[in-house]
Participant: 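Sharing a structure, written as structure tokens. Questions coming.
All values derive from a computational prediction rather than experimental measurement. Side-chain atoms are counted along with the backbone in the values below, which use heavy atoms only and exclude waters and symmetry mates.
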Amino acid sequence: DGGITQSPKYLFRKEGQNVTLSCEQNLNHDAMYWYRQDPGQGLRLIYYSQIVNDFQKGDIAEGYSVSREKKESFPLTVTSAQKNPTAFYLCASSRDQGYSQPQHFGDGTRLSIL
Amino acid sequence: AQRVTQPEKLLSVFKGAPVELKCNYSYSGSPELFWYVQYSRQRLQLLLRHISRESIKGFTADLNKGETSFHLKKPFAQEEDSAMYYCALRGFNKFYFGSGTKLNVKP
């Protein structure tokens with residue numbers, strides 16, 4: 001079954017703690033993305049990566065970090081510097097080349113503060 | 001700057017009524033536009049792309065470059081169309097999403 005897998009589905013963070021959200025895809029897509037979804041604000045881009053070992057900041061990268069050591073994997077770490085981490089996080093991937101290539105999304109991870 | 005605007009947060013219509021979800025964009029190049037839908041308890045999924053020029057689940061969307069719009073239309077709404085709809089633009093290797101419109105189709 002091809003697609004994007006995000007884990008865990010729910011995650012709780014304590015004060016001062018870093019947490020890592022997993023995103024794995026088996027679609028052989030080059031590009032991967034992390035979004036934050038808040039009520040009434042749509043999807044805001046945190047980080048994206050077009051190729052292994054390279055990634056760029058999105059619009060709201062502060063307090064987050066990523067890595068792209070493998071094509072299939074793009075984990076997101078929410079650091080203690082992110083003061084308002086409670087949100088729904090979505091991972092997506094797409095073919096990098098080709099006109100009008102859409103994104104494919106995972107089921108998301110809901111992060112809450114303890 | 002690149003921007004996608006969906007002016008309606010919520011749109012309520014009765015079953016069988018026509019529906020139009022508005023989307024306006026701002027982009028300096030040739031736009032690649034998409035509509036995504038998120039049904040309750042399901043993942044965000046592609047509904048249609050402007051390049052396809054096809055009808056998906058009875059929905060169509062026409063790119064109007066003069067008005068910089070990509071409105072989503074369906075002549076007769078069904079209850080199962082109730083969902084969150086997002087308009088998106090792809091440009092400069094990134095996707096830009098609107099804030100979404102919640103469509104509520106009443107029986």
Participant: Any side-chain heavy atom of A:V66 within less than 4.5 Å of one from A:S49?
Facilitator: no
Participant: Would you check if the distance from the ring center of B:Y85 to the ring center of B:F59 is below 6.0 Å?
Facilitator: yes
Participant: Let me know if B:Y36 has heavy atoms under 4.5 Å from chain A in its side chain, its backbone, both or neither.
Facilitator: side chain
Participant: Given heavy-atom pairs under 4.5 angstrom as the criterion, report whether the side chain, backbone, both or neither of B:Q6 touches chain A.
Facilitator: neither
Participant: Please flag which part of A:Q101 lies under 4.5 Å from any non-hydrogen atom of chain B: side chain, backbone, both or neither.
Facilitator: both
Participant: For A:D59, is it the side chain, the backbone, both, or neither that has a heavy atom closer than 4.5 Å to a heavy atom of chain B?
Facilitator: side chain
Participant: Between A:L43 and chain B, with a heavy-atom cut-off of 4.5 Å, which part of the residue counts as in contact: side chain, backbone, both or neither?
Facilitator: both
Participant: Tell me, for A:Q103 versus chain B, whether the close heavy atoms (under 4.5 Å) come from the side chain, the backbone, both or neither.
Facilitator: both
Participant: Over 60° means perpendicular and under 30° means parallel, so classify the ring planes of B:F97 and A:Y35, tilted if in between.
Facilitator: perpendicular
Participant: Is it the case that the ring center of B:F34 lies less than 6.0 angstrom away from the ring center of B:F95?
Facilitator: yes
Participant: If the threshold is 4.0 Å, N to carboxylate O, is there a salt bridge linking B:K73 and B:D62?
Facilitator: no
Participant: Which one wins on heavy-atom pair count under 4.5 Å against chain A: B:Q38, B:K9, B:E32?
Facilitator: B:E32
Participant: Hey, mind stepping through A:T77 and A:T20 against side-chain hydrogen bond (donor to acceptor under 3.5 Å, both in side chains) and telling me if it holds?
Facilitator: CA-CA 4 Å; A:T77 296; A:T20 297; 3.0 Å; yes
Participant: Which atoms of B:L46 are under 4.5 Å from chain A, going by heavy atoms: the side chain, the backbone, both sets, or neither?
Facilitator: side chain
